[in-house]
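Naming convention: chains lettered A, B, ... in sequence-line order (proteins, then strands); numbering from 1 in each chain.
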Amino acid sequence: MNQIKQFQSLLLNWYDEYGRKDLPWQVEDSYLVWISEIMLQQTQVSKVIDYFNAFIAKFPSMKALAQAEVHDVLSLWSGLGYYNRARNIHKTAQICTQKYKAQLPIDLKQLMALPGIGKTTAGAILSLASNLPFAILDGNVKRVMSRVYKVNDRKVSQYSKKLWLLAEQNMSQQRPKNYNQGLMDLGSQVCVRSKPLCNECPLTVLCQAYQTNETELYPPKQTKIKQIAVTLTTLLSVQDNKILLRQRKNTGIWAGLWFLPELNNKNELIKAKKQHGDELFSLRHVLSHRILTINVIKPAHEIALTDTDKWVAIKQLSKYAHPSALVKILDAYQKGLI
DNA sequence: AATGCGGGGAT
DNA sequence: ATCCCAGCATT
């Protein structure tokens with residue numbers, strides 16, 4: 001038996017016994033697979049499950065999603081992060097409704113042309129929903145392939161190119177869906193980042209990193225991004241169980257989301273500091289690329305409102321797309337810390 | 001080829 | 001505190 005056949009056979013047998021088969025998006029429905037794949041981009045399975053269920057309850061079909069207001073789509077994304085995913089999902093639903101009779105196309109190139117769908121997500125949709133032999137290269141597959149074949153090129157493009165080729169070469173033509181799902185499950189349950197459970201792995205006979213006892217050297221560490229410190233100064237106004245929110249501009253952090261009004265103007269800022277002295281509540285909030293210090297001021301009297309400001313009942317907050325930092329601030333307020 | 005984009009779980 | 005997660009789009 002050649003190596004590729006052996007790889008497939010070992011993986012698929014392991015999948016049959018230990019793989020996941022009960023996730024809510026493991027269905028032959030490309031719409032549901034698609035929604036899940038978008039949510040799962042850089043986001044862990046455990047975090048996605050509740051968001052996914054709420055999303056499909058509200059938007060059970062492509063048409064329902066296409067007809068929605070984009071802000072209603074965004075509001076279901078509150079706290080999930082990478083909010084452009086929600087905008088893209090909405091755009092794609094509208095495109096598919098227009099061009100493809102409210103179905104996702106069953107074609108790699110056509111899928112990849114849609115907003116928010118890259119090669120991995122397209123491959124996942126085709127393989128998981130339609131059992132077609134298209135590979136994927138998510139973090140799990142990368143880790144498994146990097147170890148089995150000892151791929152650790154410093155050059156990211158070269159590294160990625162090699163891993164794609166391996167994922168494609170090893171693809172099972174008979175069981176594409178189970179092959180991809182098996183690789184992901186193996187990566188998330190056995191071939192984990194630190195202290196992989198090699199004694200439970202079906203691929204040790206093929207795994208080059210295991211053979212030389214170097215699993216900890218693979219995959220190579222990602223070059224870490226520098227986190228830039230940023231300070232936001234915001235106003236917290238609460239009256240009659242309502243909170244004053246302002247919609248953020250369409251670029252940068254939390255683009256288009258609702259948050260506390262922010263003081264950008266230097267004069268406003270100086271005035272506010274004079275007025276409140278050191279009595280600012282300060283909160284730290286970390287993003288992948290920024291370390292935010294959020295100063296929160298409770299203004300003593302009325303502030304100038306812009307036309308996008310809105311008093312929102314705290315109970316209605318879920319209707320307004322907002323970052324998790326807002327929830328954090330509100331929690332602190334309700335505990336009396338602010 | 002590099003950077004922007006959220007939030008949180010695991011260690 | 002560090003690493004990275006079912007990545008993609010833009011620069």
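- Remark on DNA chain B: of its neighbouring residues A/Val156 and A/Ala255, the 5'-side contact belongs to A/Val156, judged by nearest-heavy-atom nucleotide.
- Taking only side-chain nitrogens and oxygens, A/His285 never comes nearer than 4.0 Å to OP1 or OP2 of B/dG6.
- In this structure, CZ of A/Phe259 is placed 9 Å from P of B/dG7, rounded to the nearest angstrom.
- Close to C/dC4, at under 4.0 Å from its OP1 or OP2, lies no side-chain N or O of A/Arg143.
- Taking for each of A/Pro323 and A/Ile228 the nucleotide of DNA chain B with the nearest heavy atom, the 5'-most of the two is the partner of A/Ile228.
- Test A/Phe52, A/Tyr51, A/Phe59 against A/Phe55 for side chain to side chain contact (heavy atoms under 4.5 Å, CB included) and you get one pass: A/Phe59.
- One finds a side-chain N or O of A/Thr121 lying less than 4.0 angstrom from the OP1 or OP2 phosphate oxygen of C/dC8.
- Comparing the P positions of C/dA6 and B/dT11 gives an interatomic distance of 13 Å, to the nearest angstrom.
- One finds a salt bridge joining A/Arg248 and A/Glu262 here, because a Lys/Arg side-chain nitrogen approaches an Asp/Glu carboxylate oxygen to under 4.0 Å.
- If you check every strand for non-hydrogen atoms under 4.0 Å, A/Gln42 touches a base.
- Close to B/dG8, at under 4.0 Å from its OP1 or OP2, lies a side-chain N or O of A/Ser324.
- A straight line from CG of A/Leu257 to C1' of B/dG6 spans 10 Å, rounded to a whole angstrom.
- With C/dC3, B/dG6, C/dC8 as the choices, the nucleotide that has an atom nearest any side-chain atom of A/Lys224 turns out to be C/dC3.
- One can place CG of A/Asn140 at 8 Å from C1' of C/dC5, the figure rounded to the nearest angstrom.
- Atom NZ of A/Lys142 is separated from atom P of C/dG7 by 8 Å (rounded to the nearest Å).
- Within the 4.0 Å cut-off from OP1 or OP2 of B/dG4, not a single side-chain nitrogen or oxygen of A/His289 is found.
- A/Trp25 comes within 4.0 angstrom of a nucleotide base, judged by non-hydrogen atoms across all strands.
- No contact: A/Ile225 has no heavy atom under 4.0 Å from any strand.
- Cation-pi contact between A/Lys21 and A/Tyr15: present, with separation from the ring centre below 6.0 Å and deviation from the ring axis of at most 45°.
- Side-chain N/O atoms of A/Gln222 include one lying less than 4.0 angstrom from OP1 or OP2 on C/dC5.
- When each of A/Leu114 and A/Ser36 is assigned the nucleotide of DNA chain C bearing its nearest heavy atom, the one mapping closer to the 5' terminus is A/Ser36.
- Atom OH in A/Tyr82 sits roughly 14 Å away from atom P in C/dC4 (whole-Å rounding).
- Listed nucleotides C/dC4, B/dG6, B/dA1 differ in distance to A/Lys155; the shortest reach to its side chain belongs to B/dA1.
- Proximity of A/Ser157 to the phosphate of B/dA1: a side-chain N or O atom is located under 4.0 Å from OP1 or OP2.
- For the P atoms, the distance linking C/dC8 with B/dG9 amounts to 23 Å, nearest Å.
- C/dC3 and B/dG6 are spaced 16 Å apart, taking the C1' atom of each and rounding to whole Å.
- Within 4.0 Å (heavy atoms only), A/Gly187 reaches no atom of the nucleic acid at all.
- In this structure, A/Met112 atom CE and C/dA9 atom C1' are separated by 12 Å, rounded to whole Å.
- With both ends at atom C1', the span from C/dC5 to B/dC5 equals 14 Å, rounded to whole Å.
- Residues A/Val151 and A/Asp153 share a closest heavy-atom pair of CG1-OD1, 3.5 Å.
- An OP1 or OP2 oxygen of B/dG7 is reached within less than 4.0 angstrom by a side-chain nitrogen or oxygen of A/Trp254.
- Here the C1' atom of nucleotide B/dG6 and the CD1 atom of A/Ile291 are 14 Å apart, to the nearest Å.
- Taking a cutoff of 4.0 Å between a charged side-chain nitrogen and a carboxylate oxygen, A/Asp16 and A/Arg175 qualify as a salt bridge.
- Ion pair A/Lys119/A/Glu168 flagged as a salt bridge, since at least one NZ, NE, NH1 or NH2 atom sits closer than 4.0 Å to an Asp/Glu carboxylate oxygen.
- Following rounding to the nearest Å, A/Met184 (CE) and C/dG7 (P) show an atom-to-atom distance of 9 Å.
- Among the protein residues, A/Gln181 comes within range of the nucleic acid bases, having at least one heavy atom under 4.0 Å from a base atom.
- Between A/Arg20 and A/Asp185 there is no salt bridge, since no side-chain N of the basic residue sits under 4.0 Å from a carboxylate O of the acidic one.
- Heavy atoms of A/Leu80 sit under 4.0 angstrom from at least one base atom.
- The base of B/dG6 sits within donor-acceptor range of the side chain of A/Thr43, with an N or O pair under 3.5 Å.
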